[in-house]
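Structure, as structure tokens:
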Amino acid sequence: MPAELAKIFEPKAVETDVYSRWIKQRAFAADPAAAGESYCIVIPPPNVTAALHLGHALNNTLQDVLIRFRRMQQYNTLWMPGTDHAGIATQTVVEKRILAEEGKRRTDFAREDFIARVQAWKDEYEKRIINQLELMGCSCDWDRTRFTMDEVCARAVRETFFRLFADGLIYRGKRLVNWDVATQTVLADDEVEHETVQGNFYYLKYPLAHEVVAHGMRFEAITVATTRPETMLGDTAIAMNPRDPRAAALVGQMVRLPIVGRLIPIIADEHVVLPNPESEDEKARFSTGFLKVTPAHDPDDYAIRERRNAACPEAPIDIINVLAPDGTISDKHGWTDWDTVKNPDVENIVGMDRFEAREAVVEFFRREKLLEDVRPYTHEVGHSYRSHVPIEPYLSDQWYVAVKKPISNFRFPISNLSDRGLAEERDRVTYLKDTDVPVNSLAGLALAPLMDGRVKFTPDRYATNYRTWLENLRDWPISRQLWWGHQIPVWSGAIEKFSWFVSSQLIEECRHASDDSAPVIVSVPGRSAHEGVNAALQARNTVEGTIGYLTVPPGCEHIEKQLEEHGLVRDADVLDTWFSSALWPFSTLGWPEQTDALKKYYPGDVLCTAREIITLWVSRMVMMGQYCAGDIPFSDVFIHAMIQDGEGRKMSKSLGNGIDPLDIIDSHGADAMRFTLVSMTTQTQDVRMPVQKMKLPDGREVNSSPKFDAGRNFCNKLWNAARFAMMNIAGAPAWSQIRPGADLSDAWILSRLNATIAQATASIEAFRFNEVADTLYHFMWDEFCDWYLEIAKNRINAGQQDPKAVVAHCLDVLLRLMHPIIPFITEAIWQNLNDVCPVRGPGAAEAEPLLVRAQWPMADSAAINENAQQNFDLLQEIIRQVRNVRTQHNVPPSRRVDVAIEADGHVKELLTQNADLLRFLAQVQTVTFRSGDEPAPANAAAVVAGGAKLYVLDVVDAAAETARLTKQAQTLEKGIAGIMGKLANEKFVANARPDVVAKERQRLEQLQADLAHVQASLAALK
RNA sequence: GGGCGUUUAGCUCAGUUGGUUAGAGCAAUUCGUUUACACCGAAUAGGUCGCUAGUUCGAAUCUAGCAACGCCCACCA
């Protein structure tokens, strides 16, 4: 690197070089055996679906700021990197690409072949992502890079699945699920997006099987209201509220379902909304009082059926599924009475898409004069977050994790929350206070650390999201009908096929492998709990052909092979992506092995992420961290803003308003990008970044934002300040040879420097990132460059040596303070500074060879000098006013002016000692002092501040001077009037804090004195 | 429907427990290439802090109501 820096900072010239220097020196490598308290951050693993966007740049910059800060504070740091396989998202992307490029569908491939294709995509994108992170300057320990589907993580997934199964927390459930007909997979509740849709309420008449005459009323038909007419094909009952006056006559009657001709009963259910056209409740206004019950296609109806069948088992309501997984009407997926109801009208509809069928059904009712009305209706409809098609409630077999089931014999101690009033016992179960969440359930394990304060959110309002979600949590469906993911380790088959296994040695082997007394698990549907070997033996006595399920611990591949040889079949589905993501904080460290890394770095410290995955991911990490590793995965959760474009829209590919971090690194440099992002990180939930087109040198037109110019300008300013400093500080005296408090400007800048250290440190610790950036920006630019360096320049030219040492020290500290935000440029400058001035500041030793490992500065409270700051403030005010006079009077910058000063006591002394500052900074030739008794000099402009009066001599523009002074007088009068008003108010004087009143009085005095000076000068002008 | 957030200069945003004349960056105006930096320097201009009411000696800040915009959550009759 050249001894003298280039005139303009060229990021490209230093970034690669600096980064490879860090890698060579293994600056990011975590050593569990090394000294130092641990500090660990795990990266939110980016999805391998695509390259990183600006949100990732923000997210990872903040993590890097934190980890670099703590590394400099000499913590034993680990930033764990890696990527996420992102099941649905990645599979969808790859499927789309293969379809577009080769015209092939997933089902045209064998499973292994398709997975290989996705794997190839993953390999490519993982490489790109890691390369992007490196270009951003991220200081991850790359040797530890993990992938949610690699061997180490897969082992943790298998172990966790086994434990959950063994603890009876995984079960097979027939449930109505959120079915995405496009991707043909089930979605968790939180993967469903609700969108407002303009739809219709259709009023359909169903004829009664027999006319009813009762209580003076005559009924031939009833009318139901529905937004999804096509589901009527699966209606198996009509429900009405028992309080409905018509109920007495109609409940128990039968209805003949149009089109299908099925006879279905009218039943009573209290949840049916009574019709009321006047009601505030929209449902009551639209209701007819009769609710069609379609248990296979509506969760409400499913619940009605369960209630009814529990209460009335002798006459159960059927459940009939009329949809195929692809969303077409089908008689092949659980249309149980097809043979008895089939007729040309129904057969005509079978095979239609659900929306086509909707029209066909409505048309049938219209033709048969059974369509009573169609009313427009705006309502919320669930859509797939992935395919964006409306979700279909669909009856399906899925694996679930029971989240509120108490875990008996939980393997880790559970902290006693009752003593602290955070838990209470009801019916022999301990629940978290004011919830139905048992302390020893998975949800309880996640919620307790928030309640007892072990996990803290910043900003804290996000804790509410986390809490409400867990309090209302329902069981977690974990199976996904995909190929890309962790295949579910469950083998199933008719129960009699298990007998050889139960009596074989393999069971013992499994027990051994599980490192636990928990045996192989066999569970049988119909039993809520899974049971062990004994249950399996019992289960042999159950009906032949009953399906049993079995899982084995990790590391028993030979057993898995034998299971398959004996005709047991492995579940084709894979686990929900979040299942492996939930284990990320410890699976990456080698859990369940008790590795050195796990022992040293778990629990970690901070999780830094966006608010959208607080529930999906953050809560599950806490849950599984507690369940698997026996402790919380991190103590702080920092939630940063989401970046939007200038109009407040999300940045997205489809809108074309996204900004590619690599383009910004190309055009502005990684440091500039980082600085801008950090300075935008306030505590709000969104930040806007106006997007503008930008032309790159290679001719490409890309999105950028003027916001990044601020970061680039800042880096350039720092670069030049450092360049200038290093031209001047060679041969700086040792700190012990100077008197850093003797000169006002030295005392002032050192005071400001130490205040800045304290402020920056406190701000990072509190995650107030924008405050860190603002503090450093202000100190570096407005104080160090604009004032101190200008002064030092002149003093050094005048032969003074002290400023050299002070400049070197300030630059040294500034580089340290800025390193976490702008690591490349600071490291590059550091290398030069070490050449020019290896020993600097109060320490006598040579500076650390690498800034990345240098010590974070400590504020020296003794250097903080209120007096120097006040005095310097006054000098700044006077200098600004002299400059203002020069501008107002059109004094050419090259012309030096003379000033005559009227001042007394302390101010006079201050101005006498620091007259040089006026000369250096306001282009003043001579400074003289005069008495107030002398007549005011002619052709002079007057400057009034802090009780002093300065005449700038021989600047002749009476009109300009009058205007200037009049304006100043007005400002002063306004201030005086304000204060006088306050002081005239007895209540203010009586009630306000005495120091506030005293301050006002003092200020009034000052303003009045200044006003008197100004008025005197004005009078003299006339 | 429930919850949360935002509203301050033309634009993007700060403003920590209520207390000087409400700040910054960008943009704007005027001047300037004096050997660190024109990705710069100096100076200037620009705001009844969304609206209304209240608490207080004092409100951008606290309370209530209203409005606009946005986000999250909620079983589509």
Side-chain angles (χ1 to χ4, degrees), chain A residues 5 7-9 176 189-190 194 197 199 201 224-228 231 239 272-273 281-283 286-288 290-294 298-303 377 379-382 390-391 393 461-462 464-465 468-469 472 611-612 614-615 642 644 646 648 668 672 679-680 682 684-690 705-707 709-710 712-728 766 768 770-771 774 777-778 782 785-786 789-790 793 880 883-884 886-888 890 892-894 923 971-972 974-975 978-979 982 985-993 995-996 999-1000 1003 1007:
Chain A
L5 304 178
K7 198 167 175 182
I8 285 195
F9 172 54
L176 272 182
D189 291 339
D190 18 59
H194 294 268
V197 167
F201 245 120
V224 297
T226 180
T227 56
R228 292 190 300 156
T231 65
V272 177
V273 176
D281 177 11
E282 201 171 26
K283 270 189 187 164
F286 281 92
S287 173
T288 63
F290 298 97
L291 177 66
K292 63 192 273 304
V293 179
T294 325
D298 186 286
D300 277 338
D301 298 2
Y302 188 83
Y377 182 57
H379 60 147
E380 294 288 300
V381 177
I391 290 298
R461 65 187 127 91
Y462 290 112
T464 320
N465 282 18
T468 19
W469 189 75
N472 301 308
R611 66 179 183 281
E612 57 187 355
I614 291 173
T615 51
M642 311 269 289
Q644 304 175 332
H668 291 70
S679 63
M680 288 176 74
T682 60
T684 56
Q685 62 178 9
D686 299 309
V687 287
R688 289 186 185 196
M689 173 154 309
S705 173
K707 288 242 167 202
D709 295 347
R712 182 199 55 194
N713 295 353
F714 178 76
C715 290
N716 192 58
K717 185 74 181 176
L718 171 65
W719 183 259
N720 277 290
R723 189 163 80 94
F724 172 66
M726 288 188 285
M727 287 159 139
N728 283 283
R768 290 196 295 262
N770 68 306
E771 212 172 82
D774 290 348
Y777 183 103
H778 177 246
D782 300 338
C785 291
D786 286 351
L789 277 186
E790 291 303 321
K793 187 191 295 185
R880 284 198 189 98
R883 287 168 172 172
N884 177 263
R886 299 180 59 109
T887 304
Q888 299 292 318
N890 293 316
S894 53
Q923 294 297 109
T971 309
L972 288 167
K974 200 177 139 199
I979 298 174
K982 272 190 192 175
N985 184 340
E986 284 173 26
K987 287 180 180 168
F988 171 71
V989 179
N991 295 336
R993 284 205 321 268
D995 61 307
V996 173
K999 223 174 176 179
E1000 292 290 335
R1003 205 179 128 246
L1007 292 182

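Convention: sequence-line order gives letters A, B, ...; per-chain numbering from 1. This structure is a prediction, so every number in the text was calculated from the model and none was measured.
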Contact class for [X] (heavy atom, under 4.0 Å): base, sugar-phosphate, or nothing?
X      : answer
A:R768 : nothing
A:F201 : sugar-phosphate
A:L972 : nothing
A:T227 : base
A:D786 : sugar-phosphate
A:C715 : nothing
A:V224 : nothing
A:K292 : nothing
A:P893 : sugar-phosphate
A:Y777 : sugar-phosphate

Do any side-chain nitrogens or oxygens of [X] fall under 4.0 Å of OP1 or OP2 in [N]?
X      : N     : result
A:K793 : B:A36 : yes
A:N720 : B:A36 : no
A:T682 : B:A14 : yes
A:N713 : B:G25 : no

A:R768 (side chain) donor-acceptor with A:T682 (main chain) under 3.5 angstrom: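 No, A:R768 side chain to A:T682 backbone: no donor-acceptor pair under 3.5 Å.
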
Polar side-chain atom of A:N720 near backbone of A:N716 as donor-acceptor pair, under 3.5 Å: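 Answer holds: yes.
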
Rounding to an integer number of Å, can you tell me how far [X] [atom1] sits from [N] [atom2]?
X      : N     : atom1 : atom2 : result
A:Q644 : B:C71 : CD    : C1'   : 9 Å
A:E612 : B:G3  : CD    : C1'   : 18 Å
A:K987 : B:G18 : NZ    : P     : 21 Å
A:I614 : B:C72 : CD1   : P     : 11 Å
A:M642 : B:G5  : CE    : C1'   : 13 Å
A:R461 : B:C73 : CZ    : C1'   : 16 Å
A:N728 : B:U35 : CG    : P     : 14 Å
A:K707 : B:A14 : NZ    : P     : 9 Å

Only pairs with both distances under 3.5 Å count, Watson-Crick or wobble alike; so what is the partner of [N] in this structure?
N     : answer
B:G25 : B:C11
B:C4  : B:G70
B:U17 : none
B:U48 : none
B:C40 : B:G32
B:U56 : none
B:C75 : none

Heavy atoms, side chains only, cut-off 4.5 Å: are [X] and [Y] in contact?
X      : Y      : answer
A:T226 : A:F201 : no
A:D301 : A:L291 : yes
A:K999 : A:I979 : no
A:D298 : A:K292 : no
A:F9   : A:L718 : no

A:S679 and A:K707: side chain donor to acceptor below 3.5 Å: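 Not at all, the side chains of A:S679 and A:K707 share no donor-acceptor pair under 3.5 Å.
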
Suppose you measure atom [atom1] in [N] against the same atom in [M]; what distance do you get, rounded to whole Å?
N     : M     : atom1 : value
B:A9  : B:C49 : C1'   : 10 Å
B:C62 : B:G19 : P     : 11 Å
B:A43 : B:G10 : P     : 23 Å
B:C40 : B:A27 : P     : 9 Å
B:A24 : B:A14 : P     : 16 Å
B:A22 : B:U48 : P     : 12 Å
B:G41 : B:G5  : C1'   : 41 Å
B:U52 : B:A45 : P     : 28 Å

What distance separates [X] [atom1] from [Y] [atom2], expressed to the nearest 0.5 Å?
X      : Y      : atom1 : atom2 : value
A:R723 : A:I8   : CZ    : CD1   : 9.5 Å
A:D782 : A:H778 : CG    : NE2   : 4.5 Å
A:N728 : A:M726 : CG    : CE    : 11.0 Å

Tabulate atom names and distances for all N/O pairs under 3.5 angstrom spanning the protein and nucleotides 43-50 of chain B.
| residue | atom | partner | partner atom | Å |
| --- | --- | --- | --- | --- |
| B:A43 | O3' | A:N884 | ND2 | 3.1 |
| B:U44 | OP1 | A:N884 | ND2 | 3.3 |
| B:A45 | OP1 | A:K967 | NZ | 2.1 |

Nearest listed nucleotide, side chain of [X], among [options]:
X      : options             : answer
A:T684 : B:C76, B:U6, B:C11  : B:U6
A:N465 : B:C75, B:G19, B:C72 : B:C72
A:I979 : B:U21, B:C11, B:C75 : B:U21
A:N716 : B:C71, B:G19, B:C39 : B:C39

Smallest separation among heavy atoms of A:V687 and A:M680, with atom names: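 Of all heavy-atom pairs spanning A:V687 and A:M680, the closest is CG1-O, 3.2 Å.
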
Of A:G975 and A:R688, the one whose closest RNA chain B nucleotide lies more 5':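 Nearer the 5' end of the strand: A:R688.
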
Of A:D782 and A:L789, the one whose closest RNA chain B nucleotide lies more 5':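 Final value for this comparison: A:D782.
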
Donor-acceptor pair present, A:R1003 side chain and B:U20 base, under 3.5 Å: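 Such a pair exists between side chain and base.
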
Base B:A42 to side chain A:E790, donor-acceptor N/O within 3.5 Å cut-off: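 Side chain to base: no pair present.
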
